[in-house]
Amino acid sequence: MRRLVILGSTGSIGVQALDVVASTSGLEPVALSADRNWEQLVTQAEALNVRRIAIADPPSAESARSAWDGEVLSGPESLAQLISGADADLVLNAIVGSAGLAATVVTLSEGIDLALANKESLVVGGELVIELAAATGARLLPVDSEHSALYQLIASEQGQPPGTIERLTLTASGGPFRGRSRSELESVTVAEALNHPTWQMGGKISIDSATLMNKALEVIEAHQLFGTGYNAIDVVIHPQSIIHSMVSLADGSSLAHLGYPDMKVPIAYALHWPERASLGLRPLDLEELGALTFEPVDNEAFPCLRLAIAAGEEGGTAPCVLNAANEVAVAAFLDQRCSFLDIPATIEATLGDVTVQQSYSFETLIDADREARARAAEFLAALT
Ligand code: NDP
């Protein structure tokens, strides 16, 4: 049995991971965590006979303690305690936002293999995270579907010889506003932005998909995971979300990873690696699909991709600043405190305002994240 810690088990990825655990064999959840959704977390723990959970929000942790007799950790060190005390073989980090970075660092520092859904860890602290994995020998298995696809195409044991990969292509569904002009995006609502055409996801990543910031974060994630230069990573809109990623090789061939959009596939791949579990999903039917279509990104209507690539190329703390400003702006949009187009405007203003440090430590990142959040909040406050 593989002993598994699931961080963010109450979220979209966390719940789907528990479905994978239930429908396949060999995985034993030993610890779970959430932010404040204590009732769902306790229900999950009881169903799985897990005796140790962590809840970030102290009042929610208190409620869980009074309702349940298992161990409830809370406070700043709780995730570190949960991870290091679990005797785990694998940690799934499905926390949303830069709040997931600390758990990534603790897991890799302990030399524990990490299934990483929390893309923000690699955006904010990419070089340090990759160095940490290399130093401790812990394996980093991406859960994002595009990066799982790339991992399977180039980084697994059957991967490509060094020097043969010329380009990576990430596909993007285009989100709910594909085809709209910038002026048509001025008055879109939160409900419209949350209505993703192909994926059912948590609120933050759904808004990121609507602005294309999700794809932008994924470009940085791919750069960090596979060491590919930004000028060799392409993004193409592919509304059917059947091709997840493609690799172009030196001999003119291209390899693509295909499948119906279902996050359980990359989750199961990461949790069961190097085995492949049978998920009972129907195979791809090309005749039924008929045609796959592709379009360029409209960078004027969706400026987040351009902003993220510029931040990625600048390096240092710039991606951390970009990510923090995005998190603040997305939260404001979800609370209806700003418009959809204020999201990229806030990110651009914050990037222009915060001084980027080229070399960084985890402490520097925490400072850069804090400063960027404060600047982004000031910018948003000035809009009203
Ligand atoms: P959700 O918002 O659905 O879930 C987030 C989880 O993290 C919840 O369990 C939440 O707890 C917990 N959480 C939130 N804030 C904190 C915090 N400050 N400290 C500790 N735990 C916290 O997110 P998703 O599942 O959609 O996404 C999770 C990650 O996976 C993101 O990084 C996302 O980009 C990535 N991802 C998601 C995909 C998807 O299909 N959803 C696809 C590919 C990547 P609570 O329930 O109490 O709020």
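Note that the coordinates shown come from a computational prediction; the quantities given were computed from them, not determined experimentally. Atoms within each ligand, like the ligands themselves, are counted from 1 in listed order.
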| side-chain contact (heavy atoms from CB on, under 4.5 Å) with Trp38: which of Ser66, Pro59, Ser63? | Ser63

| Mutual orientation of the aromatic rings belonging to Phe226 and His147 [parallel < 30°, tilted 30-60°, perpendicular > 60°] | parallel

| query | Think Arg2 forms a cation-pi with Trp273, using NZ or CZ under 6.0 Å from the six-ring centre and within 45 degrees of its axis? | reply | no

| query | Are the charged groups of Lys119 and Glu218 less than 4.0 angstrom apart, N to O? | reply | yes

| query | Is it true that the NZ or CZ of Arg276 lies under 6.0 Å from the centre of Tyr269's six-membered ring and within 45 degrees of the ring axis? | reply | no

As a test of reading the model: which N/O atoms of the protein lie under 3.5 Å from N/O atoms of ligand 1, and at what distance?
residue, atom, partner, partner atom, Å
ligand 1, 3 (O), Ser12, N, 2.9
ligand 1, 9 (O), Gly8, O, 3.2
ligand 1, 9 (O), Thr10, N, 3.4
ligand 1, 9 (O), Thr10, OG1, 2.7
ligand 1, 9 (O), Gly11, N, 3.2
ligand 1, 11 (O), Thr10, OG1, 3.4
ligand 1, 11 (O), Asp35, N, 3.0
ligand 1, 25 (O), Ser12, N, 3.2
ligand 1, 25 (O), Ile13, N, 2.9
ligand 1, 26 (O), Gly202, N, 3.0
ligand 1, 30 (O), Ala117, O, 3.4
ligand 1, 32 (O), Glu120, OE1, 2.7
ligand 1, 41 (N), Ser12, OG, 3.2
ligand 1, 46 (O), Thr10, OG1, 2.6
ligand 1, 47 (O), Asp35, N, 3.0
ligand 1, 47 (O), Arg36, N, 2.7
ligand 1, 47 (O), Asn37, N, 2.8

| task | Specify whether Phe294 and His238 have parallel, tilted or perpendicular ring planes, treating 30° as the upper limit for parallel and 60° as the lower limit for perpendicular. | result | parallel

